[in-house]
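These notes concern the structure reproduced below.
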Amino acid sequence: MKTVSVSAPGKIILTGEHAVVYGYPGIWATTDKRLLVSIKRTNQKLKIISNHTSIDFAKYSVMKIGKLIGKNVSSLEIKIKSTIPVGSGMGSSAALAVALTGALIKLNDLPWELKRINKIAFEIEKQQHGTPSGGDNTVVTYGGFLKYQKQKNSIPKFDKISSHKKIKNLLIINSGKPQETTGEMVAKVATLYKNNQAQTNKIFSKIGDIAQKLYHHLNMNSKIKTQKLIKENHKLLNKLQVVSPKAQKIIKKIEHIGGVAKISGAGGFLDSSGILLAFHNKPKLLTHLAEFENLNTIPVVLGVQGVRVE
Ligand code: PMV
């Protein structure tokens with residue numbers, strides 16, 4: 001029996017999280033942490049082995065994808081292996097949705113169409129997160145750096161950014177896994193929005209401006225101070241109450257030594273806020289701070305290839 005293997009990368013959000021749910025642009029990048037799905041046909045009932053996710057959710061996803069592609073998925077052995085941290089803003093659920101979709105498409109000899117893979121993965125993401133923007137699954141599918149903007153007609157609008165060498169001096173620091181899920185954090189911001197639309201919209205719009213500036217910087221070489229934008233972005237995310245006191249404290253310490261940092265992804269308020277993107281012109285100072293504070297750092301290469309057959 002042939003085994004089909006498909007992998008998909010994790011991701012970070014450079015800027016635009018939360019505002020993107022309301023139609024503003026955001027900047028996404030893939031990372032070299034990957035998730036691998038291997039599938040073979042068997043004579044027994046569906047079996048899933050995973051070091052990554054709840055087996056129940058993987059099972060639900062397999063059934064749903066089977067329905068969407070019109071294929072029987074009942075006698076398969078599926079292995080899921082991942083190096084992407086779970087539930088911390090690094091795109092582990094999107095990588096699963098995309099790699100699983102790709103693997104089932106390949107196993108059934110259907111055409112390898114990224115547009116279709118992305119569309120199906122988005123359906124899985126909706127089950128997991130409620131009202132996702134679609135940015136995670138899109139960057140994980142297409143790879144590289146993207147400016148992503150959600151559209152009313154749910155056809156994703158994105159621009160690939162070709163030049164990305166200008167993201168310098170970045171260190172990812174893990175503030176810890178949030179207690180809340182992405183869906184809960186999106187709902188928390190929705191309540192804030194409902195209670196004060198004008199004020200919250202202003203925050204979203206400012207975040208959207210930051211994404212636009214970063215896009216021009218990355219794509220067209222416009223001269224901007226990236227670190228100033230990240231600092232501003234953090235302040236705005238703080239106003240949305242998606243940065244926990246614990247993460248705020250870490251970010252203050254980073255700012256104190258001359259760096260800047262922000263959450264990346266949905267964040268978290270009750271305890272930890274997931275990963276932080278930290279920048280410093282002398283990155284060694286960040287490494288020392290993380291060591292001193294006993295915080296994990298996650299080395300990544302940005303802008304790698306999206307979903308692929310292995
Ligand atoms: O925490 P993550 O990696 O799932 O990112 C969520 C980003 C949000 O903007 C908060 C939601 C979304 O769907 O874009």
Side-chain angles (χ1 to χ4, degrees), residues 11-20 24-29 31 85 88-90 145 147 161 163-176 178 185 189 202-219 221-269 272-303:
K11 69 94 201 15
I12 59 163
I13 302 177
L14 283 161
T15 181
E17 51 274 271
H18 289 291
V20 79
Y24 294 92
I27 311 287
W28 264 255
T31 74
S88 302
M90 292 198 76
F145 279 61
K147 178 173 90 159
I161 301 171
S163 155
H164 45 77
K165 289 190 188 85
K166 281 161 268 162
I167 297 294
K168 284 188 215 138
N169 301 328
L170 163 69
L171 182 70
I172 294 184
I173 296 178
N174 199 350
S175 83
M185 292 310 289
V189 173
K202 244 190 219 163
I203 299 173
F204 292 152
S205 164
K206 283 184 182 166
I207 293 177
D209 288 348
I210 291 174
Q212 244 358 315
K213 281 185 188 151
L214 193 61
Y215 173 66
H216 287 301
H217 171 64
L218 293 171
N219 220 18
N221 231 341
S222 74
K223 290 238 176 315
I224 53 149
K225 293 201 161 67
T226 315
Q227 295 194 7
K228 206 173 146 205
L229 291 181
I230 297 292
K231 192 170 181 179
E232 178 65 21
N233 197 167
H234 164 59
K235 274 193 199 155
L236 295 164
L237 287 163
N238 227 350
K239 286 189 183 158
L240 293 178
Q241 296 166 27
V242 295
V243 190
S244 70
K246 186 173 155 184
Q248 286 174 38
K249 238 188 200 168
I250 301 170
I251 294 175
K252 267 214 182 101
K253 283 182 182 162
I254 293 169
E255 289 177 353
H256 188 72
I257 60 162
V260 297
K262 67 177 275 290
I263 61 156
S264 174
F269 193 72
S272 302
S273 302
I275 57 157
L276 306 176
L277 306 186
F279 294 85
H280 201 298
N281 292 338
K282 294 178 186 155
K284 272 225 161 101
L285 291 182
L286 284 178
T287 316
H288 289 154
L289 179 75
E291 267 169 27
F292 187 74
E293 298 288 333
N294 235 336
L295 294 162
N296 279 335
T297 57
I298 307 172
V300 289
V301 174
L302 297 184

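Computed from heavy atoms alone, side chains included, the values below leave out hydrogens, waters and symmetry copies.
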Drop me the distance from Phe145's CZ to Leu214's CG, to the nearest 0.5 angstrom. 9.0 Å
Exercise: identify the closest heavy-atom pair between Gly208 and Tyr24: CA-CB, 4.1 Å
Interatomic distance, Ile12 atom CD1 to Trp28 atom CH2 [nearest 0.5 angstrom]: 11.5 Å
Sort and list the pairs that fulfil side-chain hydrogen bond (donor to acceptor under 3.5 Å, both in side chains) and have at least one residue in residues 285-302, not counting sequence neighbours. Lys253-Glu293
Within the side chain of Ser175, is there an N or O that forms a donor-acceptor pair under 3.5 Å with the backbone of Ser273? yes
Closest non-hydrogen atom pair, Ala247 against Leu276: CB-CD2, 4.4 Å
If you look at every heavy atom in Ser88 and Pro178, which pair is closest and at what distance? CA-CD, 4.3 Å
For Lys206, side chain to side chain donor-acceptor pair (under 3.5 Å) partners two or more places apart: none
Identify, with sequence neighbours excluded, every residue that meets side chain to side chain donor-acceptor pair (under 3.5 Å) alongside Ser272. Lys246
Could you pull out the closest heavy-atom pair between Val20 and Pro25, with the gap in Å? CG2-C, 4.4 Å
CG of Leu171 to CD1 of Ile298, rounded to nearest 0.5 Å, is 9.5 Å
Any Leu170 side-chain heavy atom under 4.5 Å of Leu302 side chain: yes
List the atom pairs, donor and acceptor, that lie under 3.5 Å between side-chain atoms in residues 278-285 and the rest of the protein, sequence neighbours left out.
unit_1 : atom_1 : unit_2 : atom_2 : d
His280 : ND1    : Lys282 : N      : 2.9
His280 : NE2    : Ile257 : O      : 2.5
Asn281 : OD1    : Gln227 : NE2    : 3.1

Can you name the side chain to side chain donor-acceptor pair (under 3.5 Å) partners of Gln212, sequence neighbours left out? Lys147
Once side-chain hydrogen bond (donor to acceptor under 3.5 Å, both in side chains) is applied, what residue pairs with a partner in residues 228-239 remain, sequence neighbours excluded? Thr15-Asn233, Asn238-Gln248
Val301/Thr31 under side-chain contact (heavy atoms from CB on, under 4.5 Å): CA gap, chis, key distance, verdict: CA-CA 6 Å; Val301 174; Thr31 74; over 6 Å; no
List in chain and number order the residues that pass side-chain contact (heavy atoms from CB on, under 4.5 Å) with Leu229, two or more places apart in sequence or in another chain; answer none if no residue qualifies. Ile210, Lys213, Ile224
Residues in side-chain contact (heavy atoms from CB on, under 4.5 Å) contact with Val242, at least two apart in sequence or another chain: His18, Met185, Val189, Leu237, Leu240, Ile263
For Glu255, enumerate each residue passing the side chain to side chain donor-acceptor pair (under 3.5 Å) test, keeping only those at least two apart in sequence or located in another chain. none
Scan Ile250, Asn174, Leu286 and name whichever one has a side-chain contact (heavy atoms from CB on, under 4.5 Å) with Leu295. Ile250
